[in-house]
There are 2 protein chains.
Amino acid sequence: MRVTIAEVAQRAQVSKATVSRVLNGKPDVDAATAARVRQVIADVGYVPSARAVGLARGRARTVGMLVPSLTWPWTGEVVQGAVDELEAEGYGLLLYTVNRGTESLSQFASHVSAKAFDGLLVIEPPDTLSYIETLHDQGLPVVMIDDRGSRPGFPSVSTTNREGAQAAAQHLVAAGRRGFAVVTGPANFGCVRERLDGFLDALGDAGVHVDPRLVVEGDFGTDRGAVATEKLMATGLRFDAVFAHNDLSALGVMRALTAAGRKVPDDVAVVGFDDIPIAAHAELTTVRQPMREMGEAAARLLLSRLEGAAPSREPVVLPTALVVRRSG
Amino acid sequence: MRVTIAEVAQRAQVSKATVSRVLNGKPDVDAATAARVRQVIADVGYVPSARAVGLARGRARTVGMLVPSLTWPWTGEVVQGAVDELEAEGYGLLLYTVNRGTESLSQFASHVSAKAFDGLLVIEPPDTLSYIETLHDQGLPVVMIDDRGSRPGFPSVSTTNREGAQAAAQHLVAAGRRGFAVVTGPANFGCVRERLDGFLDALGDAGVHVDPRLVVEGDFGTDRGAVATEKLMATGLRFDAVFAHNDLSALGVMRALTAAGRKVPDDVAVVGFDDIPIAAHAELTTVRQPMREMGEAAARLLLSRLEGAAPSREPVVLPTALVVRRSG
DNA sequence: CTGAAAGCGCTTACAG
DNA sequence: CTGAAAGCGCTTACAG
């Protein structure tokens, strides 16, 4: 039989209320009494039932986390950062995926209604921003890890997409590159616009102009990165540097260049964005997004809200860092 | 204010007990009454409080999952498989890591005591097998995803380490290789013994003998894979194929060979184990472990235990598959 | 077929 | 400083 607060109370010769007070560190408990209760707790190895505490208090010391899929290269990092931070405060992390589409989402929604968690951490799944916004407006504390430049109307954590792209441009210019091409991500992503603007602006400041025909759209996937690169080469325009909006497409860029007999970095430099594990292996120069730190920051933000802090509308922005490797 | 069962009962002109019966699909409810209750539930959008249901029933429809770290190449796959399966049954997944060492583990332990979840899925963290065994013996339903060949005394899911290694050997022999070297994982891992045995046995069957000096121990890391390869080359013995016990060390093997001017696969073939994402990018031939499927199988096993099935001591073993790429 | 009541294991005013 | 009692929102015998 599991030991309950009633048993502890009886053994310590006090009421359940007093045991509860000791448990929760409330003032106004006689020192000797408290010591006795603590002794009994230790002796019987009593741990309060999470469910009962949650029901009585109306809060579960649990947060939910909704992610698109765990098989993306960097979701693990973000989740790890969040778990570490939450765990340190004794919070549990309920994990939800939208891997199975609508069905996943309705499961998730019912857990929301069931008040299975106190607050929500979310990496925006495709086309879900307005739903998340609704949850926030209905009073659920939400913090979003924003890797797309969505700038939601509630607390979020993002990175310096613009400055990261600027750093990439400056680095390439300093390395003597003069002909620039860009393989972007999906045009409707905020981060894509920010990365493109930062890159072009920095080049402009350096007096370099980019031919619009050398800016082609990718989809953040490796194959489309390769296809985009073939398009770039088909223009017949000269370029000696390609900035890809993420690492996966940069890998496609490298593949297509190599296949066409162009050496990386001798003929063409390639720079990516993200710094996923494969980037190091492929010796890809890239703009690192601090995924782990973003997960941590998001968790801290949510925790402070749960402890009563007011939600800040301004996103927390973490700095990117240029990681120079062989490719550019 | 949140809508409770009391409100539903009142609106439907029945008792809370009846609402509960309808909610849980119990028999013996008048059809008309049930319909009326269901209508009210739909109208007010009522969803039972997970905490209250959990407390009353003594079970939470939540399972815990303990993993060493989420930043390993394949943990994401395993967790994703588990989440998908659990979600389909309406179960939640509480995620725990031992990323912060002892502190993480004690946090985890207190959640166990607090009965925060009904059952546990675990990827064995270093040196924790006996602790997990204790939990199982104390009555907590546990299923382990066994990637190390630990063969615990409770339900587990593993792969065909032996057969996978055999397939690798047969493939290399068929490709005409004759001088074999092995970079193993840590010697105390069961999977390492199985992979070594399978490999050597298959070679033996093909009439090939392996010089013991060409079997060196690695630690499943890339750097040690490279160091091990340097040792292999330093023996002065000839070899034209290396079997590494996991992909990360296989990458180190490839790096060291290339650095020494030996071409892969022309001079030396390299085969790994796991099939992590980088393997495809590195064009590494490898033995694929079905991580996703292992997560799914483990979840199904745990679910069936929670529904009352008896624990099976025999591990569920999923087949590996040889993935042939350029390296070997 | 249905309801009143007790119980799950805590917390929290309210008295004293 | 401490206890009796109500309450958190359900489920489950027990009656009828």
Side-chain angles (χ1 to χ4, degrees), chain A residues 1-38 40-41 44-62 90 92 110-118, chain B residues 1-38 40-41 44-62 90 92 110-118:
Chain A
M1 204 43 219
R2 194 157 191 287
V3 14
T4 69
I5 197 173
E7 180 171 344
V8 174
Q10 183 195 319
R11 292 204 190 209
Q13 318 261 44
V14 295
S15 69
K16 297 188 292 176
T18 296
V19 176
S20 176
R21 287 185 188 105
V22 172
L23 240 23
N24 299 296
K26 304 261 165 148
D28 301 331
V29 179
D30 179 80
T33 314
R36 183 153 37 91
V37 171
R38 261 188 279 273
V40 174
I41 289 175
V44 301
Y46 168 66
V47 178
S49 150
R51 285 195 277 274
V53 174
L55 183 58
R57 270 212 273 256
R59 311 199 306 137
R61 278 190 94 74
T62 298
S110 88
H111 279 236
V112 173
S113 307
K115 290 256 181 233
F117 43 82
D118 305 332
Chain B
M1 206 41 217
R2 196 158 188 288
V3 14
T4 70
I5 197 174
E7 179 171 346
V8 173
Q10 182 195 318
R11 292 203 189 210
Q13 318 261 43
V14 296
S15 70
K16 296 188 294 177
T18 295
V19 176
S20 176
R21 288 186 187 103
V22 173
L23 240 22
N24 299 297
K26 305 262 163 144
D28 300 332
V29 179
D30 178 80
T33 313
R36 183 153 36 93
V37 171
R38 259 190 280 275
V40 173
I41 289 176
V44 301
Y46 169 67
V47 178
S49 149
R51 286 197 277 274
V53 174
L55 182 59
R57 270 211 273 254
R59 311 199 308 137
R61 278 190 97 72
T62 298
S110 87
H111 280 233
V112 173
S113 308
K115 291 257 182 232
F117 43 81
D118 305 332

Notebook entry, point to check: Among pairs that include at least one residue of residues 23-34 of chain A, which meet side chain to side chain donor-acceptor pair (under 3.5 Å), considering only residues two or more places apart or in two chains?
Noted result: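 Counting only pairs at least two positions apart or across chains, the side chain to side chain donor-acceptor pair (under 3.5 Å) contacts touching residues 23-34 of chain A are A:S20-A:N24, A:N24-A:R57, A:D30-A:T33.
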Next item on the list: Check whether any side-chain heavy atom of A:Y46 lies under 4.5 Å from a side-chain heavy atom of A:V40, and answer yes or no.
Entry: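 They are not in contact (no side-chain heavy atoms under 4.5 Å apart), so the answer is no.
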Check: Quick one: are B:V53 and B:R61 in side-chain contact, heavy atoms under 4.5 Å?
Finding: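 They are not in side-chain contact.
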Check: What distance separates B:E7 CD from B:T4 OG1, expressed to the nearest 0.5 Å?
Finding: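 Between atom CD of B:E7 and atom OG1 of B:T4 there are 6.0 Å.
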Check: Distance from A:I5 atom CD1 to A:Q10 atom CD, nearest 0.5 Å?
Finding: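 If we round to the nearest 0.5 Å, A:I5:CD1 and A:Q10:CD are 13.0 Å apart.
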Item checked: Between C1' of C:dC1 and CD of B:Q13, the distance in whole Å ->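 Checked: the CD to C1' distance equals 17 Å.
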Check: Rounded to whole angstrom units, what separation is found between the CD atom of B:Q10 and the C1' atom of D:dG9?
Finding: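 Atom CD in B:Q10 sits about 15 Å away from atom C1' in D:dG9.
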Next item on the list: Indicate, with a heavy-atom threshold strictly under 4.0 Å, whether A:D28 touches base, sugar-phosphate, or nothing.
Entry: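 Base contact - A:D28 has a heavy atom under 4.0 Å of at least one base atom.
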Note to self: Using a 4.0 Å heavy-atom cut-off to protein, can you give one letter per nucleotide of nucleotides 10-16 of chain D, 5' to 3': B if the base is in contact, S if only the sugar-phosphate is, - if neither?
What the structure shows: BSBB---
Item checked: Watson-Crick or G-U wobble partner of C:dA13, both distances under 3.5 Å ->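 Checking every strand shown, C:dA13 finds no partner, since no pair has both distances under 3.5 Å.
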Checklist line | Nearest-nucleotide 5' precedence on DNA chain D, A:T18 against B:L55 | finding: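 Result of the comparison: A:T18.
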Checklist line | Donor-acceptor pair, side chain of B:R51 and main chain of A:G54, under 3.5 angstrom | finding: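 Such a contact is found between B:R51 side chain and A:G54 backbone.
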